[in-house]
K.L.:
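Before I ask anything, let me first share the structure, which is written out below as structure tokens.
Since we're looking at a predicted model, the values are computed, not measured. Heads up: numbering here begins at 1 and tracks the sequence.
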Amino acid sequence: MFGWIHESFRQLVTRKYGKDIWEKIVSLAKFELGTENEIAHYYNDEETLRIVDAMANVIGIPVEEIWEAYGGFLIQFTMETGWDELLRAMAADLEGFLDSLDSLHYFIDHVVYKTKLRGPSFRCDVQQDGTLLLHYYSKRSGLYPIVKGVVREVARRIYDTEVVMRVQERKQEHLDAYVTEHVVFVITQVEHQNSVQKSMSSKSDSLVDLSSGIYDISPADFAQAFPYHICFDPDLLLEHCGNFIKKTFPDAIIHETPITEMLELVHPEIPFSYESIKSFKNSLFIFRLKGSGSNSSGEDRSILLKGSMVFIDEGKYILYMCSVNVTTVRELIDRGIHISDMQRHDGTRDLIMLNQSRMSQVELNRTLEETTKTLKKMAQELEIEKRKTDDLLCELMPASVADSLRSGQPSDAKEFADCTLLFTDIVTFTNICALCTPYDVVSLLNDLYLRFDRLVGLHDAYKVETIGDAYMIVGGVPEHCDNHAERVLNISIGMLMESKLVLSPITHKPIKIRLGIHSGSVVAGVVGIKMPRYCLFGDTVNVANKMESCGVMCKIHISETAKANGLKSNKSYVFIDRGNTEIRGKGFMYTYFLERNDRISVWELCARPRSSEQTIDGYMELHDQSIYQENAEETEGNAPVNGSSVDPASHHIRSPTCTIV
């Protein structure tokens, strides 16, 4: 269906139920928001029915009521968007309006938008009791409730009257190669005692008396005055025709040549017979001249005639009064017709010239719509790429610093009076690099750092940098927080546990790491223009680095200040005194090993599930050293004798005393 239908659906829902409901409908109908209502786009019936079904589900009313409500709103929306005067000028009464619907559909489909859609057909009969019988024909089944909404709204808005519609008959008719749904409506006018209403039909049965005059006109004069007319009898045999038809069919013989050999019925889509023409006498008829307009490229350039049927001499003859059905100059040229071939009183001459200007405007609007659609898509893609760039920039430096750089503001260095830093590295990393391929080293570091990155994100710290096997994080920078030491201490416990899941490419045993933590003041700022880095400077950085290098493998080595800061926010930490330790370049410092956090388990710190085989808090698994043994003898089935095993894929470690998952 035409995109105008989808746009009017959107208007109906957003006005009555709100924008959020429409977005739910679009999502349920499996459309991308913004692509469901392109006015110049042709949607197939399945796409339109998806929207209608979604409307019924979300709003909670039957599909038939959706169609009927839409029919009423369609007239309202059409009149609001510039068609008000045209609809009011269609006819003086409701019967005339309904008889003109075919012509209106054809004009919109073939002239305004040139979509050539499969529109319905209508014919209207006046009954003796004053009611109207409206016959509705459509190749699309189930859409007849739209007609009820349309007719009631037209009667109310244009003719200031109320009508009641009832379905008298609904059936399927097989016409040639297709099936048409035929629905007959009975339209009854609602009577109001205190008001004067317009009649639904104002046609007079009296005819103008023309018997007093004599109006002789020869067939030759008539053929010249109306060069495209065709007159035929109930047997569809040619009686006479205009000069253009004679020129096109020079071998046609009066009273012998069937007009079915000359014409092919295009609209309405009914059998080409006397009975069908009589039933649809108020409709617009379009015929194609047979044998005209074919070319080598296969394009259809046949000549079409558009007009109406006039019954003469009480139906003994039918006069088809018509003109050439062309709307643009290009159609004239393609069919070898000229404007001078049309009578000067024929409005088609003005229509062609006016439509040439209108088509240019329509084409411009269509181009603008396509450009707008392309720009909208490009804007969405640009926004996605911008988001990716922002995410990448925020990975390189803090979000607050990245925002300053994006806005062009200088990012000055800033002093942080109190923060906590952590350094970690891999024991015997130099030996690993010497005995392994570069690919193995990269794989090892990537596995380890991905686990560390996850922990940093879980506990809201900041990863400063990695250099080789050295990994550095900080708490309390760039955003100040009171529990910076607690965050870093929790991360260190998680790092020690996660490192047990990373295997050395040489021994195929878990790697061993050292961790050092220190608290103090630093200065932080962005260094460089190409590949700028957010760096930390100060003696605190140096001391934290020394705490790691002078530490013990598989132990969390911390300074006095780090311990004091940790206990400020969490009294549940347990430390073991290491005592006075010589720190290169700093002399002797009293240091500690972090043993546990009694407030929270290792599993919670690592955000890993605990199995029934594991200890409740996980600290026995954290400090177990048996998994590092390299001389364990394995038995059949690769099960270690001492019970130690590691499965990084499932995050599972088994030791003689415990299991880590």
Side-chain angles (χ1 to χ4, degrees), residues 91 95-107 109-110 116-127 132-141 143-144 147 167-187 201 203 228-241 245 249 252 255-290 302-323 325:
E95 180 200 359
F97 185 94
L98 297 176
D99 279 335
S100 303
L101 277 179
D102 264 10
S103 301
L104 181 62
H105 269 106
Y106 190 87
F107 174 74
D109 290 348
H110 292 70
K116 300 184 179 180
L117 306 180
R118 296 178 299 151
S121 295
F122 300 87
R123 66 181 179 90
C124 192
D125 298 326
V126 182
Q127 304 301 296
L132 299 179
L133 280 187
L134 176 62
H135 296 262
Y136 163 81
Y137 302 85
S138 176
K139 292 182 180 179
R140 297 182 174 95
S141 179
L143 304 188
Y144 68 92
V147 180
V167 176
Q168 183 183 71
E169 185 180 8
R170 182 186 177 193
K171 58 185 177 179
Q172 301 288 331
E173 295 183 352
H174 294 264
L175 302 177
D176 296 335
Y178 51 87
V179 178
T180 298
E181 182 178 54
H182 179 192
V183 182
V184 181
F185 296 95
V186 178
I187 305 175
S201 176
K203 291 181 179 178
Y228 302 101
H229 86 274
I230 299 176
C231 185
F232 53 94
D233 61 19
D235 295 326
L236 305 185
L237 296 178
L238 180 66
E239 283 294 324
H240 58 84
C241 59
I245 303 300
F249 300 99
H255 306 307
E256 294 185 11
T257 301
I259 62 169
T260 53
E261 295 181 2
M262 305 164 59
L263 306 177
E264 177 186 350
L265 181 59
V266 176
H267 180 84
E269 296 180 347
I270 58 174
F272 193 176
S273 64
Y274 178 81
E275 291 75 15
S276 297
I277 293 174
K278 188 174 182 180
S279 298
F280 284 81
K281 61 183 179 180
N282 293 323
S283 297
L284 176 72
F285 281 82
I286 309 293
F287 286 98
R288 177 181 290 107
L289 295 184
K290 291 187 175 181
S302 53
I303 297 175
L304 297 179
L305 301 179
K306 176 179 68 175
S308 60
M309 298 293 180
V310 181
F311 284 76
I312 300 175
D313 198 6
E314 298 181 351
K316 293 181 181 179
Y317 302 100
I318 302 175
L319 178 63
Y320 179 49
M321 298 297 294
C322 59
S323 60
N325 183 32

K.L.:
Hey, what do you get for OG (Ser283) to CG (Asp99), rounding to the nearest 0.5 Å?
P.N.:
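Reported value, rounded in 0.5 Å steps: 7.5 Å.
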
K.L.:
Do Ile277 and Phe272 have side chains that get closer than 4.5 Å, going by heavy atoms?
P.N.:
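Yes, close enough: below the 4.5 Å cut-off.
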
K.L.:
If you apply the rule side chain to side chain contact (heavy atoms under 4.5 Å, CB included), what do you find for Tyr136 with Leu143, and how did you get there?
P.N.:
CA-CA 10 Å; Tyr136 163 81; Leu143 304 188; 4.0 Å; yes

K.L.:
Of all the heavy-atom pairs spanning Tyr274 and Gly315, show the shortest one and how long it is.
P.N.:
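Closest approach of Tyr274 to Gly315, heavy atoms only: OH-O, 3.0 Å.
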
K.L.:
Which atoms form the tightest heavy-atom contact between Leu237 and His255, and what is the distance?
P.N.:
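Looks like CD1-O, 3.6 Å.
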
K.L.:
Indicate yes or no: at least one non-hydrogen side-chain atom of Tyr144 is less than 4.5 angstrom from one of Ser138.
P.N.:
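A side-chain contact under 4.5 Å is absent here.
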
K.L.:
Rounded to the nearest 0.5 Å, what separates atom CG in Leu236 from atom OG in Ser273?
P.N.:
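One finds 7.5 Å between CG of Leu236 and OG of Ser273.
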
K.L.:
With side chains defined as the heavy atoms from C-beta onward, is the minimum distance between Ser141 and Gln172 less than 4.5 Å?
P.N.:
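Side chain of Ser141 against side chain of Gln172, heavy atoms only: contact under 4.5 Å found.
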
K.L.:
Pick from Lys139, Arg140, Arg170: which one makes a side chain to side chain donor-acceptor pair (under 3.5 Å) with Glu181?
P.N.:
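Looking at Lys139, Arg140, Arg170, the match for Glu181 under the side chain to side chain donor-acceptor pair (under 3.5 Å) is Arg170.
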
K.L.:
What closest approach, in Å, do Phe249 and Met262 show between heavy atoms, and which atom pair accounts for it?
P.N.:
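The answer is CZ-O, 3.3 Å.
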
K.L.:
Can you tell me how far OG of Ser276 sits from CD of Glu269, rounded to the nearest 0.5 angstrom?
P.N.:
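Answer rounded to 0.5 Å: 13.0 Å.
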
K.L.:
So which atom in Phe311 and which in Lys278 form the shortest heavy-atom distance, rounded to 0.1 Å?
P.N.:
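What the structure gives for the nearest pair is CZ-CA, 3.5 Å.
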
K.L.:
Can you tell if the side chain of Ile187 reaches within under 4.5 Å of the side chain of Leu98, non-hydrogen atoms only?
P.N.:
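Yes, their side chains come closer than 4.5 Å.
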
K.L.:
What is the minimum heavy-atom distance between Tyr317 and Cys231, and which atoms define it?
P.N.:
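Where Tyr317 meets Cys231 most closely, the heavy atoms are CB-SG, 4.0 Å.
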
K.L.:
Does any non-hydrogen side-chain atom of Leu133 lie less than 4.5 Å from one of Val186?
P.N.:
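Of all side-chain heavy-atom pairs linking Leu133 with Val186, at least one is under 4.5 Å.
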
K.L.:
If you round to the nearest 0.5 Å, how far is OG1 of Thr260 from CZ of Phe232?
P.N.:
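Between Phe232 CZ and Thr260 OG1, I get 10.5 Å after rounding to 0.5 Å.
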
K.L.:
How many angstroms lie between CG in Asp125 and NE2 in His135, if you round to the nearest 0.5 Å?
P.N.:
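These two atoms lie 4.5 Å from each other.
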
K.L.:
Roughly how far, to the nearest 0.5 Å, is the CD1 atom of Ile312 from the CG atom of Asp233?
P.N.:
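Result: 12.0 Å between the selected atoms.
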
K.L.:
Please work out which of the three classes, parallel, tilted or perpendicular, describes the rings of Tyr137 and His182, given edges at 30° and 60°.
P.N.:
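Ring orientation, 0 to 90° scale: parallel.
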
K.L.:
Does Val147 reach the side chain of Val183, with side-chain heavy atoms less than 4.5 Å apart?
P.N.:
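They are not in side-chain contact.
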
K.L.:
List the atom of Gly96, the atom of Ala91, and the distance in Å for their closest heavy-atom pair.
P.N.:
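It is C-CB, 3.3 Å.
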
K.L.:
Only one of Asn325, Leu265, Ile303 forms a side chain to side chain contact (heavy atoms under 4.5 Å, CB included) with Phe287, so which one is it?
P.N.:
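Going through Asn325, Leu265, Ile303 one by one, the side chain to side chain contact (heavy atoms under 4.5 Å, CB included) with Phe287 is satisfied by Leu265 alone.
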
K.L.:
Is Glu261 paired with Lys290 through a side-chain N to carboxylate O contact shorter than 4.0 Å?
P.N.:
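Salt bridge: no.
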
K.L.:
Taking C-beta and beyond as the side chain, do Tyr320 and Leu305 meet within less than 4.5 Å on heavy atoms?
P.N.:
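Yes - at least one pair of side-chain heavy atoms lies under 4.5 Å apart.
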
K.L.:
Before giving the answer on side chain to side chain contact (heavy atoms under 4.5 Å, CB included), spell out for Leu132 and Val126 the whole-Å C-alpha distance, their side-chain angles and the decisive distance to 0.1 Å.
P.N.:
CA-CA 5 Å; Leu132 299 179; Val126 182; 3.7 Å; yes

K.L.:
Do Ser279 and Arg123 make a side-chain contact, defined as non-hydrogen atoms from C-beta onward lying under 4.5 Å apart?
P.N.:
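Yes - at least one pair of side-chain heavy atoms lies under 4.5 Å apart.
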
